[in-house]
Amino acid sequence: MAEDSKRMSDSELLALIGNYEKSALGSSVSVGPSVGGNIKPAAQNMTTLELDRYNALNAYFGRPLGNEIEDRSQVVLPELRDTVEWIMPTLMEIFVGSGKPVVFDPEAPGDEDQAELETEVVNWVFMKKNPGFIILHDFLKDALLLRNGYVNSYWLKKRKTAVESYTGLTEIELAMLMQTDDDIEVLEQDEKDELIVGPMGAQQTSTFDIKIRRTRQVGEVKVECVPPEEMRVSPQARHGLDESPFTEHECKKSRSDLIEMGFDADTVNRIEIAQPDWLDLIALARNEVTDELSEENPSDPASQLISLRTVFIRVDFDGDGIAELRRVMVGGDKILDNDECEEVSYSYCSPIRMPHRHVGISYYDLLYDLQVIKTTLFRQALDNLYVSNNQRLAVDWKNVNMGDLLTSRPGGIIRTTGAPGNSILPLSMPSNLMQQILPALEYCDLQREMRTGIGKDTMGVDADALQDVTKGGQLASMSAAAKKVQLVARLLAEGVKDVFQKIHNLLRRHQDQQMQFMLTNKQWRNVNPAEWRERTELVINVGLGSGTREEARSNAMLLGQAQKELAQFGLVGPKQAYATFRHITHLLGYENATEFAMDPDSPEYQQYMQQHKPQPNPQVQVAQIKEQGAMQRAQLDAQTTKMQTQGQQATENARLQSQLVQAQASEQSARLQAQAEILHSARQGGADRDIQMAQMQSQEMQTLIKAFAQVLAAQLRQDPGANAGAMMNQDVSEVRNGA
């Protein structure tokens, strides 16, 4: 009871969520100082992030500034839209053109294949199971325009219901149809007796016509780009949303969608209908077509839209003194679900990051003042042209036919009373204003290029402009401008990285069945994400290499030439050559390199090498045999020299021993002289025998050399009858027998 008394009630939790909503970034009731552009009409004071986004969308569509004058030029130059649309193709090529936006790095030895497999699966889920291209496009464009882009990655588990009809089923087929884990409700059933003629003759059997409703639970990873105006984030958020104490997404769902998500039908049906979109400022600004402002009001309760808030909040809900991360689903003013969770399902990105802040800087902040200045200058230039083409006159209305004067047509006659010069006086107006405005417009373009990296030198090459510019200077200018775009892409890639990390986590936690998909090399694989381990080593593969794609191709070709030179020294093998080839095919726009060459690590290559073993060269074999014979002869010569040296040493030792015996015998007494002579004779005889044995061994080695030389000669002549062992044994026997 004590623990239950500490738990937070639903009303207390809703009150806490309401307090967070009032101070959250993006809230319509949160008031704060302006952080947007400063050049705005006085009536448009920016007080909230919501109003900043409202003006950004109006600037993108080139809507009126609010300072237009009647009967004057009201054109608006869409500087913001032009810049965003110029940079978007580059960003999409950087992300999508790289093949796999995010790659998982191996985290231990032997983990390379598994990391590559998980990379393939996560990219397949994002790009194939979800509209990855559209998600990336909207994600990046929201960030460029509205300071932040948001993506929601979550596990969607819903009930899918389908009505199926079957006719002519036998009892066995009907039983097999009912054997399933799905919930089946029989709507209609009709049994008929039929006479079937078969091999055993005519037989009476029963068939069934049945209509069923099949309901099953379906789970999959769902990735959606979320409009920034639907997000509410705590001002305490810094880097990732997982660190934020409060994150909320407010959207509209039909009652039917909520019931399919598993919420109680009675509770959902009691929720009030959401307010229409035309009461929302951002909805007004985002909808370009007037018809999109129409609000549907279906009479069917299942199709009526209600407000659904997905809240991730850090709160001590269970009363243990520690704030845990919880996901709270709020429909209208009722809590539909409240569970503790592992992470926030939302990811965000910003093109120009502000340190220690969640909200960054958009291209609207960079370009809105230039759009206003260029629009104003261009309007003045057009007004000047209008006046020059329709020059104003000072007239004496009493002496001029005003009807002729007010009707302006080429060659028209104006009737006057008296001399026309006394009645009509043209007013002098400056006619060269356009010449003064053009330099100012060019200066604005220069400022845009300095701020964003998008300019005439980077959007396209002007042939006339290149006449006075060196190649190095042009490339340096384009490289400097490209670095700004690359930095923006690198910052946006952090959000994409977080999306892929969350997809990987969702598959590990919720995918309880094997998945079958096709790898890049056209091989089908079955994987079980439940067996994966948690990964934190991600590499952002957004194609931000130095230079353009043409430069990368040239560099790859140079690398191939260098490898060709190193291959002569055996420093480049099939694996290294294939890696270069795969890189070149990727730069050429082909993702699957195995369509053009075999991977050295693939079973296909191993099988090919076994079937096409290289045949030995006869000349090489002869050279190898000669080399082996020379080595064997050298070994025999070395052994002969060693034996001769040992014989000479034995003779010298005997001579020294003889001299020693003689010296000792001369010093002994006469009575020992006879014994010394006998001993000397015996030792001399032993020395002679050693010398004789050494000579015999030398002759034996020479005979062995002779025999081996004969065997070798026979092998070189490819004599199949040559038997090296028999010939050698015979020669050794002859030597030992004294032959």
Side-chain angles (χ1 to χ4, degrees), residues 10 14 17 21 125-126 129-132 134-135 138-139 142 150-164 182-185 213-232 247-280 282-283 286-287 292-313 326-339 341 344-347 499 502-503 506 509-511:
D10 288 353
L14 286 173
I17 292 174
E21 288 176 340
V125 169
F126 180 77
K129 301 297 289 184
N130 291 275
I134 301 300
I135 293 172
D138 297 349
F139 189 36
D142 279 341
Y150 296 92
V151 165
N152 185 19
S153 308
Y154 60 98
W155 183 260
L156 178 62
K157 190 173 183 179
K158 57 189 301 185
R159 293 184 300 174
K160 297 198 70 173
T161 303
V163 176
E164 303 173 0
D182 301 337
D183 294 334
I184 296 180
E185 178 185 359
R213 177 183 288 115
R214 184 188 300 271
T215 304
R216 57 181 177 175
Q217 295 286 341
V218 178
E220 61 181 356
V221 175
K222 195 71 174 177
V223 185
E224 295 176 346
C225 184
V226 178
E229 62 268 18
E230 295 181 357
M231 295 298 300
R232 309 287 182 265
T247 302
E248 177 185 286
H249 174 217
E250 182 178 5
C251 62
K252 295 180 180 179
K253 295 283 187 180
S254 67
R255 301 184 194 273
S256 176
D257 291 338
L258 294 180
I259 295 175
E260 285 186 351
M261 292 170 65
F263 298 125
D264 181 66
D266 294 335
T267 304
V268 171
N269 291 328
R270 289 196 300 266
I271 299 176
E272 295 182 357
I273 302 176
Q275 65 179 5
D277 280 341
W278 48 265
L279 297 177
D280 186 12
I282 306 299
R286 190 181 288 277
N287 294 329
E292 294 183 4
L293 298 178
S294 302
E295 184 71 15
E296 295 180 352
N297 187 18
S299 58
D300 180 16
S303 302
Q304 292 175 347
L305 300 178
I306 61 177
S307 175
L308 177 65
R309 289 177 288 170
T310 304
V311 182
F312 288 89
I313 184 172
R326 306 189 71 87
R327 189 192 71 164
V328 183
M329 307 290 289
V330 183
D333 57 351
K334 295 179 175 58
I335 293 181
L336 303 177
D337 190 25
N338 180 11
D339 291 319
C341 60
V344 178
S345 64
Y346 296 92
S347 306
V499 172
K502 294 185 186 304
I503 293 175
L506 289 170
R509 288 194 293 260
H510 301 288
Q511 184 67 39

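None of the values given here were measured: they were computed from a predicted structure. What's counted below: heavy atoms across the whole structure, side chains too, no hydrogens, waters or symmetry copies.
No side-chain heavy atom of Val223 sits less than 4.5 Å from a side-chain heavy atom of Val125. You'll find the side chain of Glu229 stays beyond 4.5 Å of the side chain of Met231, heavy atoms only. For the pair Ile503/Phe126, a side-chain contact is recorded, criterion being any heavy-atom separation below 4.5 Å from C-beta on. Side-chain contact check for Leu258 versus Ile306: some heavy-atom pair is nearer than 4.5 Å. For the pair Val328 and Phe312, the minimum side-chain heavy-atom distance is 4.5 Å or more. For the pair Glu21/Arg309, a side-chain contact is recorded, criterion being any heavy-atom separation below 4.5 Å from C-beta on.
Within 6.0 Å of NZ on Lys334 lie more than 12 heavy atoms contributed by other residues, nucleotides or ligands. In this structure, Glu185 places its CD atom where more than 12 heavy-atom neighbours from other residues, nucleotides or ligands lie under 6.0 Å away.
Separation of atoms CD1 (Ile335) and OG1 (Thr267) is listed at 12.0 Å; rounding is to 0.5 Å. To the nearest 0.5 Å, atoms CD1 (Ile17) and CD1 (Ile313) are separated by 5.0 Å. If you take CE on Met329 and NE2 on His249, they are separated by 10.0 Å, rounding to the nearest 0.5 Å. For the atom pair Leu308 CG and Leu336 CG, the distance stands at 7.0 Å (nearest 0.5 Å).
Every side-chain contact (heavy atoms from CB on, under 4.5 Å) that Asn152 has, sequence neighbours left out, goes to Tyr154, Val226, Ser345, Tyr346.
For the pair Asn130 and Val221, the tightest heavy-atom approach, listed with the atom from each and the gap, is ND2-O, 3.2 Å. Nearest heavy atom pair, residue Ser254 against residue Leu305, reads N-CD2, 3.8 Å. Listed here is the closest heavy atom pair of Arg255 and Val268: NH1-O, 2.8 Å. In plain terms, the two heavy atoms of Asp333 and Leu14 that are nearest each other are O-CD1, 3.5 Å. When all heavy atoms of Ile271 and Gly331 are compared, the pair lying nearest together is CD1-O, 3.4 Å.
Proximity of a side-chain donor or acceptor of Asp138 to a complementary backbone N or O of Cys225 within less than 3.5 Å is not detected. Checking side-chain atoms of Lys502 against main-chain N and O of Val344 turns up a donor-acceptor pair under 3.5 Å. Judged purely by atom type and a 3.5 angstrom limit, Asp257 has no side-chain atom pairing as donor or acceptor with the backbone of Lys253.
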Salt bridge (Lys or Arg N to Asp or Glu O under 4.0 Å) between Asp339 and Arg326, worked out:
CA-CA 6 Å; Asp339 291 319; Arg326 306 189 71 87; 5.5 Å; no
So Glu250 and Ser307, side chain to side chain donor-acceptor pair (under 3.5 Å) or not? Walk me through it.
CA-CA 7 Å; Glu250 182 178 5; Ser307 175; 3.3 Å; yes
Are Glu164 and Arg213 close enough, and set up right, to give a salt bridge (Lys or Arg N to Asp or Glu O under 4.0 Å), and what steps lead you there?
CA-CA 6 Å; Glu164 303 173 0; Arg213 177 183 288 115; over 6 Å; no
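Partner Arg327 forms a side chain to side chain contact (heavy atoms under 4.5 Å, CB included) with one of Thr310, Asn338, Thr247 and no other, that one being Thr310.
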